[in-house]
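Report on the following structure.
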2 protein chains.
Amino acid sequence: MSDLLERLRGRGWRLTSQRRVVAEVLNGDHVHLTADEVHARAVQRLPEISRATVYNTLGELVTLGEVLEVSTDGRAKRYDPNAHHAHQHLICSGCGAIRDVHPQGDPIAALPATERFGFVISGAEVTYRGLCPDCARP
Amino acid sequence: MSDLLERLRGRGWRLTSQRRVVAEVLNGDHVHLTADEVHARAVQRLPEISRATVYNTLGELVTLGEVLEVSTDGRAKRYDPNAHHAHQHLICSGCGAIRDVHPQGDPIAALPATERFGFVISGAEVTYRGLCPDCARP
DNA sequence: GTATTGACTTAGACAAAGTCCAGGCTAGGA
DNA sequence: TCCTAGCCTGGACTTTGTCTAAGTCAATAC
Ligand SMILES: [Mn+2]
Ligand SMILES: [Mn+2]
Ligand SMILES: [Zn+2]
Ligand SMILES: [Zn+2]
């Protein structure tokens with residue numbers, strides 16, 4: 001993750017303790033935290049960090065293409081540090097757990113020209129829903 | 001749509017003018033209105049209808065399986081009367097226009113067992129993004 | 001090391017989307 | 001026609017996110 005910080009500094013990003021902490025919180029696999037969850041974890045390390053700064057920093061990371069914004073339900077957006085490997089999401093309807101998944105083939109190819117309404121298509125997001133092993137137990 | 005109302009009455013739904021108006025507003029193809037848009041249109045026909053009733057009625061229609069809830073971005077949920085024909089959505093990144101589309105094949109089949117993490121998968125939603133003919137013009 | 005400065009951070013006000021409640025109203029059955 | 005369970009209403013409240021004015025500080029220049 002420190003290579004990320006160096007990369008951003010090279011792009012003229014001022015490296016503050018707040019930004020460093022937000023970047024540290026967003027570290028790992030299958031990480032899809034809401035802004036408030038990021039804030040709660042950031043406060044553990046830097047008690048005075050504000051909500052506004054967390055929102056600002058997340059927004060900047062999204063603009064820079066280093067973090068993805070994922071809207072899986074009508075609730076809070078989730079922030080996903082796995083921005084450099086295309087993937088889709090599998091979500092448990094019971095507990096909300098989210099996993100990164102990699103389906104085969106390109107979903108865009110499955111949309112015939114007659115179903116495109118003249119649109120220029122740029123991407124497709126797939127959300128799989130189901131029950132995780134814990135929630136599926138009788 | 002009145003067959004819908006009769007069907008619901010058969011299920012013990014009390015048929016009020018408010019519910020009738022909400023059902024009428026949600027009529028047509030490629031209809032994906034937000035709750036506030038439904039309310040604004042309902043008020044044209046029944047000026048005293050409240051926001052709470054629109055939310056309640058939409059929620060009931062979703063529970064009854066007569067309307068789908070679509071969360072395409074982090075904004076307001078959209079309500080889709082096309083609940084009886086499986087379909088996916090194509091959204092213009094420029095103006096937000098939404099079209100119903102029917103891709104070929106089953107997206108669930110594209111997810112190998114090794115990518116399912118032991119989940120029991122129940123469905124998949126695909127959101128295609130692009131630019132509509134108007135927004136793609138130079 | 002110190003000064004400078006524009007970018008950054010903060011607290012809190014504000015806004016949009018949605019939920020909840022007490023009290024009044026009414027559709028539909030008796 | 002009357003009764004009442006279920007429905008509706010206005011408004012308070014919650015969650016999620018945005019904006020702003022004023023204070024702070026990272027990085028550069030000296
Ligand atoms: Mn992800
Ligand atoms: Mn639809
Ligand atoms: Zn689960
Ligand atoms: Zn458009």
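As a basis for the values below, the full set of heavy atoms in this structure was taken, side chains included, without hydrogen atoms, waters or symmetry mates. In what follows, every chain begins at residue 1, and chains take the letters A, B, ... in the order their sequences are listed.
Checking Asn82(B) against His32(B) by side-chain atom types alone, no donor-acceptor pair falls below 3.5 Å. No side-chain donor from either of His85(B) and Asp100(B) sits under 3.5 Å from a side-chain acceptor of the other.
Taking atom CD of residue Glu48(A) and atom P of nucleotide dA11(C), one finds them 9 Å apart after rounding to whole Å. Per the geometry, CZ belonging to Arg9(A) stands 15 Å off C1' belonging to dC25(D), to the nearest Å. If you take CG of Asp36(B) and P of dA15(C), they are 15 Å apart, rounded to a whole angstrom. Separating the CD atom of Glu37(A) from the P atom of dG17(D) is a distance of 11 Å, rounded to the nearest angstrom. The interatomic distance linking Ile49(B) (CD1) with dG11(D) (P) rounds to 17 Å, in whole Å. One can place NZ of Lys77(B) at 8 Å from C1' of dG18(C), the figure rounded to the nearest angstrom. Per the geometry, CG belonging to Leu46(A) stands 16 Å off P belonging to dC8(C), to the nearest Å. The separation between Leu5(B) atom CG and dA27(C) atom P is 15 Å, rounded to whole Å.
Near DNA chain D, defined here as any heavy-atom distance below 4.0 Å, the residues from residues 54-76 of chain A are Tyr55(A), Arg75(A), Ala76(A), listed numerically. Contacts between residues 13-21 of chain B and DNA chain D, defined by a heavy-atom separation below 4.0 Å, involve Arg14(B), Thr16(B), Gln18(B), Arg19(B), listed by number.
When hydrophobic clusters are built by joining Ile, Leu, Val, Met, Phe, Trp and Tyr residues whose side-chain heavy atoms come closer than 4.5 Å, directly or via intermediates, Val21(A) is grouped together with Val54(A).
Judged purely by atom type and a 3.5 angstrom limit, Ser122(B) uses its side chain to pair as donor or acceptor with the backbone of Arg129(A). Panel note: side chain His39(A), backbone Tyr55(A); no donor-acceptor pair is recorded below 3.5 Å. One N or O on the side chain of Gln88(B) and one on the backbone of Val126(B) form a donor-acceptor pair closer than 3.5 Å.
Between Ser50(A) and Thr34(B), the one whose closest nucleotide on DNA chain C sits nearer the 5' end is Ser50(A).
Contact annotation: the side chain of Arg78(A) approaches that of Glu37(A) to within less than 4.5 Å [non-hydrogen atoms, C-beta and beyond]. Taking the side chain as every heavy atom from C-beta outward, Trp13(B) and Leu61(B) approach each other to under 4.5 Å.
A salt bridge is absent between Arg11(B) and Glu60(B): the closest approach of a Lys/Arg side-chain nitrogen to an acidic carboxylate oxygen does not fall below 4.0 angstrom.
In this model, a side-chain donor or acceptor of Arg51(A) finds a partner on the base of dG17(D) within 3.5 Å.
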